[in-house]
Amino acid sequence: MNEGVNKEKLLTDLKTLITDAEELLRATANQAGERVSAARKRIEESLEKRKVTLSEAEDLLLDKTHEAAKAADEYVRHNPWGAVGIAAGIGLVFGLIMRRN
């Protein structure tokens with residue numbers, strides 16, 4: 001579960017980075033010079049590649065989430081009392097932890 005949260009945070013951070021880089025490119029659009037122009041071009045190309053990679057990563061994460069949800073649904077349908085037991089156990093542990101705090 002922690003791995004999923006880390007992946008989601010990474011995706012969010014990458015989106016923020018891409019947005020900030022695009023804003024920086026727009027802000028420096030009026031800057032002249034060969035070096036600035038070459039740097040802008042490299043950054044724009046890199047951003048386009050990262051957008052594709054980010055989109056693919058989001059699709060993969062969404063697919064994995066759907067697979068996990070489907071597996072959980074299947075388990076609950078085939079083992080309803082087992083699912084109730086697991087839920088009760090998790091609730092008990094959570095209650096004990098909350099009681100201590």
Side-chain angles (χ1 to χ4, degrees):
M1 177 125 158
N2 194 19
E3 183 179 322
V5 172
N6 289 338
K7 287 180 183 177
E8 288 181 27
K9 177 154 177 32
L10 177 62
L11 290 174
T12 302
D13 291 348
L14 283 173
K15 283 181 183 178
T16 302
L17 178 62
I18 288 171
T19 302
D20 291 347
E22 288 175 332
E23 187 176 322
L24 178 62
L25 287 174
R26 283 191 295 275
T28 60
N30 297 332
Q31 299 294 322
E34 281 184 41
R35 294 178 78 192
V36 172
S37 179
R40 285 178 47 80
K41 184 166 179 66
R42 283 193 313 271
I43 291 171
E44 287 172 351
E45 290 171 356
S46 179
L47 282 174
E48 288 304 315
K49 289 178 187 176
R50 297 311 171 254
K51 282 182 181 179
V52 170
T53 303
L54 181 61
S55 177
E56 291 170 354
E58 284 180 314
D59 291 343
L60 181 63
L61 183 61
L62 190 60
D63 289 344
K64 294 285 185 183
T65 302
H66 285 294
E67 288 175 18
K70 185 176 179 181
D73 183 58
E74 244 179 73
Y75 177 81
V76 170
R77 288 181 189 274
H78 288 93
N79 304 299
W81 288 110
V84 169
I86 291 171
I90 291 172
L92 177 66
V93 170
F94 185 71
L96 291 173
I97 291 171
M98 294 302 292
R99 185 174 160 207
R100 284 188 166 190
N101 290 333

When rounded to the nearest 0.5 Å, the distance separating NZ of Lys70 from OG1 of Thr65 is 14.5 Å
Would you find more than 12 non-hydrogen atoms of other residues, nucleotides or ligands less than 6.0 Å from Glu23 atom CD?
no
Mind checking the NZ-OG spacing from Lys15 to Ser55? Nearest 0.5 Å is all I need.
9.5 Å
Would you call Glu44 and Lys49 a salt bridge, using N to O less than 4.0 angstrom?
no
Would you please name every residue forming a side chain to side chain contact (heavy atoms under 4.5 Å, CB included) with Leu17, sequence neighbours left out?
none
Minimum heavy-atom distance Leu54-Ile18, with the two atoms named:
CD2-CD1, 3.9 Å
Within this structure, what is the CZ-CG distance for the pair Arg99 and Leu92, rounded to the nearest 0.5 Å?
10.5 Å
Among Val52, Asp59, Leu60, find the one that has a side chain to side chain contact (heavy atoms under 4.5 Å, CB included) with Glu56.
Val52
Distance check, rounded to the nearest 0.5 Å: Ile86 atom CD1 versus Tyr75 atom OH?
4.0 Å
When you look at Glu22 and Leu47, which way does the side chain to side chain contact (heavy atoms under 4.5 Å, CB included) test go after all the steps?
CA-CA 8 Å; Glu22 288 175 332; Leu47 282 174; 3.9 Å; yes
Quick one: salt bridge (Lys or Arg N to Asp or Glu O under 4.0 Å) partners of Lys64, sequence neighbours excluded?
none
What I want to find out is whether Lys51 reaches Glu48 closely enough, with some N-O distance under 4.0 Å, to be called a salt bridge.
yes
Test of understanding: with salt bridge (Lys or Arg N to Asp or Glu O under 4.0 Å), list the residues that count as partners of Arg77, not counting sequence neighbours.
Asp73
Would you say Ser46's side chain and Arg42's backbone share a donor-acceptor pair under 3.5 angstrom?
no
